**Student:** 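Take this structure first; my questions come after.
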Amino acid sequence: MDTSSMESVKLRTGSSPGQRPFWQGERAIQWAVAIVVCFLVLAPVVPLLVQAVADRALYLDDIQPTFGNFARLMEDTEFLRSVLNSMIFAAIGTTFSCVVGAVAAILIGRTDMPMKGLVSGLMIWPIFISHLVITTGWSIVYGPAGYVTMTFKLAFGDVPWNLYSIVGMSVVAGVCQVPITYLYCLTALRSSDPTLEDAARAAGMRPLTVFWRITVPLLRPALIMSSILNLVMLLEAVSIPLVFGRPADIEMFMSYIYTRAISVSSPDYGLVAAAACFLVLLVVVLVSSQRVLLRKPERFVTIAGKATRPRTMRLGNWRFVALAALLLYLAILVVLPLAGLVTYAFSSFLTPLIPIREVLTLDNFRLVLSTPVYVRSMTNSIIIGVVGGAFAVAIVALLAVVVHRSTFPFRRFLDIISLLPRAVPGMIAGIGIFYVTVIVQPLGWLRETIFLLMIAFTMRYIPLGYGAMATAIIKIDKQLDKSGRAIGASWWTTIRRIVLPLMVPAMLSSYAILFIHFFKDYATGVFLVAPGSEVLGTTLLQMFLSGETGPASALATIQLAITALFILGMRRIAGVSLYG
Amino acid sequence: MADLSLKNVSRHFGGFAALKDLSLDVREGEFVSLLGPSGCGKSTTLGLIAGLDQPTSGRIMVGGRVVADGDNGTFVPAEDRELGLVLQSYALWPHMTVRGNISLPLEIRKVPKKRRGELVEEYLSLVEMSDYVDRYPHELSGGQQQRIALARTLVYEPVVLLLDEPLSNVDAKLRERARTWLRRLQRHFAVTTIFVTHDQSEALTMSDRVAVMSEGRLVQFGTPEEVYARPGDPFVADFVGSSNLIKGVLEIAGGDARLVVGDRTIRVQKPQAIDAGGPVTMAVRPEKIRVLAPGDDRDNVLDIEIKDSDFLGARSLYHADLGGQAIRFESRANDLRGPVRVGFSADDCFVFRG
Ligand SMILES: Nc1ncnc2c1ncn2[C@@H]1O[C@H](COP(=O)(O)OP(=O)(O)O)[C@@H](O)[C@H]1O
Ligand SMILES: [Mg+2]
C-alpha cells in the first residue's frame, strides 16, 4: 500500500471517518420510524378497547368504566348466531379455497399440464379485484334473478344452487380466496427441493403415492398459513354478508356490526366496540395458533444441493383433463361473473328473456360520469392510491430497514407489532381511526379530508407491504452493508447508498400491490368518508346496497379497467410482475 | 444384482444436446464412476438410468430388461425399476424421522410392520447410525444424512445403486473415511453401482472402472490405472491428473517420434495412426518431470526458468515457460528459483492429434 495516497485522502476529507459528530445519529431516524409505526398500528385499536369498556360514546363527557357492553353482547342471541354463521361460512370457504388452490398449484407447479402460463394468470386474477365486485358479479349471474339462473330455470324448471344460503355464500367467498392458497402453495413448491420427489420415485413410489406421502405433507406450512389468513379474511368479510346474507336473513359478524353502527340513527357504540374486540381477539388467537402449528419449520424445508430443475410429473392424457377442469372452474366461477358485471354495465336490463343487443346502452356510464360524487370517488381513489401508496411504501421500507438492519433496541417489538393490523378488520379499524380524530382534538381537521383515508389505508396494509419488504431485505447479504460500514460510511449512509437501492425492485412491487389494495378497498372507508372525501370502494358498496346496480356496475367496470391498465403499465414500464 | 447397459443414448433439451450417443456396459456387481466436469451430463445420465427422465434416443437395459428405448417409446417409470438412487442433497424427507424415511420404501412394498422395524434396526446398525432413529433430517450433519440416505436406499435391496456426488456434502476430513466405508458397503452387498463424481481422486480410488465424460460424450472407459496411465485424449490427460498440454508439430524419424516446439524438440512415445507433420498436442504429467542433479540424464533434458511456485506441503509445484507455453512440474525441493535443468522420459509423453 502506498502510504502517501492514504495521507492525501485524510488531507482532502479533513477528518477520519470514525470521528463523525454523534448527533448525526441513526437513533433519531430509528425512533422517528418506530413512533410513526406505533401510532399507525395502535391508533385504531386503543380507542376501540377503551370504548368497549366505556358506558357511553367516547366523544361524550363523564365516561364511566363498565363491563356492561360485554354482558349485553353475550346475552344477545342474534350476536351468538351471527358468530356461529360466520364461523361455518369461514370454515367452508377456507376448505374450498384450500382444495382448489392447492390442486391448481400442484398441477401448475409440478406437472406437464399445457397452457400453464395462461391458467396461472387467470388463477391470480381475483386478488386484484375487490370482493364486493366479484360478489356482485355472482349475484348478477347466479343470483335468484341472475342471468344464468333464469336461463337454467327456463330450460329445466329449477336450479340446483342457491346463493342466498350459507353454502352458496361460502363458495363465492372461497373463490375470492383461492388465489391466496394458490400463491402460498406455488411459492412453497418452487422453493422446495424437487429431488425429494425424485428420491421417492426411485424408491418405488407411484406418482400418486409420492403426491400423498411427500408433496402434500411438504405443503403443510403453506396450507396452514394460507388457511389461517383465509379464515381471518372470511370472518372479516363485509360484502358477502351484506349483499347475500342480509336479503337471506342470515346475519354474520360484520353485518351484525354494520347494522348496529351504520344503518341506525343512534348507533350503540359500546356494543359495537365490544363485538369488534371479540373479533379482534378471535383473530389474534387464530394468528397465534399459526405459530404453534408451525413450530418446527425445519421439518418442511430443505437446503437443495446444486440448483436442480423440478422434473414435471407426466400426466399422459390426464393433462388435458386437468387443464379442462381448471379452465372450466375459471370460466364458470371467475370469468363469467365478471363478464356478467361488465355486460350489466353496458345494458339497461339483463335477462335471458330479452336479447342482449336490444338492451345495450351507455346510459350507466353517462350517469356515472355526470354525477360529481361518482367522479370524485374515482379521482379521490386514484390520488389515494398514487400518493398514499408511495407514503406507505416509504414507511414499510424504513420499517424493514430498522427491524432487520439496525441495532435499534426495540426492533423485535416493532417486527411483531407491525402485524397487528392484520388482526383488525378494515371496517373496525375505520371506527378506531374515527375515534382518534374525535378524541385527539388537533387531528380533527383530518376528518373531512382524503388524508384521513390515506392514513387509514396505510395502517390497514402495513402488514402486507412490510411482508414483501422483509422478504426482500432478508435476501440482501448482510456482508454488503457490513462492508459499507467498514469503508467508513455511517449507518444512514449505508442504508441510503447500499441497502435501499438494492430494495428498489421490492419497493416497486410493494407499491403496485399497495396501490391495488388502496384502490379496491371498500371496508376501511365505511366510517371515514365524508362529503368530499368519498372513495370508490365505499361508494360502490353504498350503490350496490341501495340497488343502483346498473350505474354501480359501470363504476365497477371503470375500476376494473383502471386496475388492469395499472398492472399492465407497471409490467411494461417498471418491469414489475405482480405475484410471479 | 444386475448388469446395466446403455446403447447410443442421447438426451436433448430443446435444441441443446446434453447427452450425445452414449454407450456404456457395466458388469454385475461392478463399481463404475462417471467422472467429468460440472455440466458434462453425469446427472442427466443418472436420471435416465433411474427412470426419472426419458432418453431422446437410444436404449437402456437393466439386468437384460429394456427399461427405456427412445426409438420405440418403451419406458419403464422409476418406481418399477427397483433401482436405488442417492442424490447429492440426500433428499431425506424432512417431515419424517430417520425411522420414517427408512421404513417408507418398505411400507409401499407391503413389508409387514414388525419386519419393517427389524430391517430399520438392521440397516441403521450397518451404517452405524443406530442411535439416531428418532431424529429429524435437519438434526443430522451432512455425513450422517448421507449414511441415512444410503440406508434408506439399500434397505429395499435395489438391483443397481446410483449415487450422484454423494460425498460432496461431507466435510473434507471425513470424506476419505467415507470413501473407504462406502466401498466396503458396496462390496458387502455386491450391488452394481454407478457413482457420479467430478473429483478424479474419488473416482480413481473407489472404482473398478472409470467412465470419463466431457460435453455429453463418453471419452474414455477403463480401469483407473488405464485411464491414468494411458489417457485416450488430451481432455482425459488433463482432467485425470492435470497434465501439461504442449502444442507442437510431430516429427517421425526412423523409430523415434519427436515434438517440435519452437526451437526445441521433445522425444515422445510413438503415437499410432498419427501422421508426421501435423499439429499435435503432447501431454506430460507434472510429477513425471524431475529436476536433474548434475550428471543425471533423461530422454528429454530441458533448461528452463522458474517463474512462480505453489507450496503444496510435502512438495512444491513450479511454473515455467517452454517456447511460449506454460509448463508445470513438481519437486520435493521447495526453494527452487531461477534457471533449472529438468528431465523426463519419452514414455511419459503422450501425443494426440490436434
Ligand atoms: N431439464 C433441463 N433442461 C435444460 N437443460 C438441462 C436440463 N437438465 C440438464 N440440463 C443441461 O444439461 C447439461 C448437463 O447437466 P447435468 O447432467 O446436470 O450435468 P452434471 O454433469 O454436472 O451433473 C447442463 O448443461 C445442463 O444445463
Ligand atoms: Mg450433477
Side-chain angles (χ1 to χ4, degrees), chain A residues 102 110-112 185 188-225 293-319, chain B residues 13 38-39 43-44 46-47 49-54 75 77-97 100-110 135-140 142 145 149 152-156 158 160-162 164-166 168-169 198:
Chain A
R110 279 288 200 271
T111 72
D112 62 347
C185 290
L189 283 175
R190 286 199 177 137
S191 64
S192 98
D193 178 0
T195 60
L196 295 174
E197 285 150 0
D198 288 354
R201 291 292 299 275
M205 283 175 236
R206 317 216 143 263
L208 214 59
T209 319
V210 177
F211 176 76
W212 283 117
R213 302 296 300 256
I214 311 291
T215 314
V216 171
L218 287 175
L219 277 182
R220 206 156 75 197
L223 284 174
I224 290 176
M225 280 194 279
L293 287 169
L294 297 177
R295 240 176 9 247
K296 295 252 194 270
E298 305 88 347
R299 288 194 195 160
F300 299 95
V301 293
T302 46
I303 321 291
K306 299 235 176 75
T308 34
R309 266 171 266 258
R311 271 179 231 280
T312 49
M313 204 200 287
R314 284 157 198 273
L315 296 179
N317 283 331
W318 285 102
R319 68 185 194 276
Chain B
F13 294 110
S38 174
S43 298
T44 305
L46 217 60
I49 300 174
L52 296 168
D53 192 10
Q54 223 167 330
F75 182 71
E79 63 270 21
D80 292 328
R81 293 193 186 185
E82 286 297 312
L83 307 178
L85 176 64
V86 176
L87 295 154
Q88 191 175 9
S89 59
Y90 308 134
L92 294 182
W93 300 306
H95 56 297
M96 297 177 192
T97 59
N101 267 279
I102 301 179
S103 60
L104 185 56
L106 300 171
E107 207 177 306
I108 57 154
R109 286 176 176 75
K110 307 221 162 46
R135 297 263 189 115
Y136 278 89
H138 68 93
E139 296 163 336
L140 302 174
Q145 290 189 24
R152 179 178 80 180
T153 308
L154 291 171
V155 75
Y156 59 89
V160 175
L161 184 59
L162 306 169
D164 195 348
E165 313 214 5
S168 62
N169 284 333
H198 63 260

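Residue numbers begin at 1 in each chain, while the letters A, B, ... track the order of the sequences. Keep in mind the model is a prediction, meaning the values are calculated, not measured.
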**Student:** I need the B:I108 CD1 to A:T209 OG1 distance, nearest 0.5 Å.
**Tutor:**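 Reported to 0.5 Å precision, the distance equals 6.5 Å.
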
**Student:** Does A:T195 reach the side chain of B:D164, with side-chain heavy atoms less than 4.5 Å apart?
**Tutor:** no

**Student:** Indicate the atoms forming the closest heavy-atom contact of A:L196 with B:P94, along with that distance.
**Tutor:** CD1-CD, 3.7 Å

**Student:** Considering only heavy atoms, which portion of B:E107 lies under 4.5 Å from any heavy atom of chain A: side chain, backbone, both, or neither?
**Tutor:**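 The side chain, not the backbone.
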
**Student:** Identify the two heavy atoms, one from A:A202 and one from B:L85, that lie closest to each other, and give their separation to 0.1 Å.
**Tutor:**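 Distance-wise, the nearest heavy atoms are CB-CB, 3.5 Å.
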
**Student:** Please tell me if the side chains of A:M205 and B:E79 come closer than 4.5 Å, counting only heavy atoms from C-beta onward.
**Tutor:**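 When only atoms from C-beta onward are counted, B:E79 and A:M205 do not touch, as no gap falls below 4.5 Å.
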
**Student:** Does any backbone or side-chain atom of B:L87 lie under 4.5 Å from a heavy atom of chain A? Answer side chain, backbone, both or neither.
**Tutor:** side chain

**Student:** Within the structure provided, determine whether A:V216 and B:H95 are in side-chain contact (heavy-atom separation under 4.5 Å).
**Tutor:** no

**Student:** Which heavy atom of A:G204 sits nearest a heavy atom of B:R109, and at what distance?
**Tutor:** CA-NH2, 3.7 Å

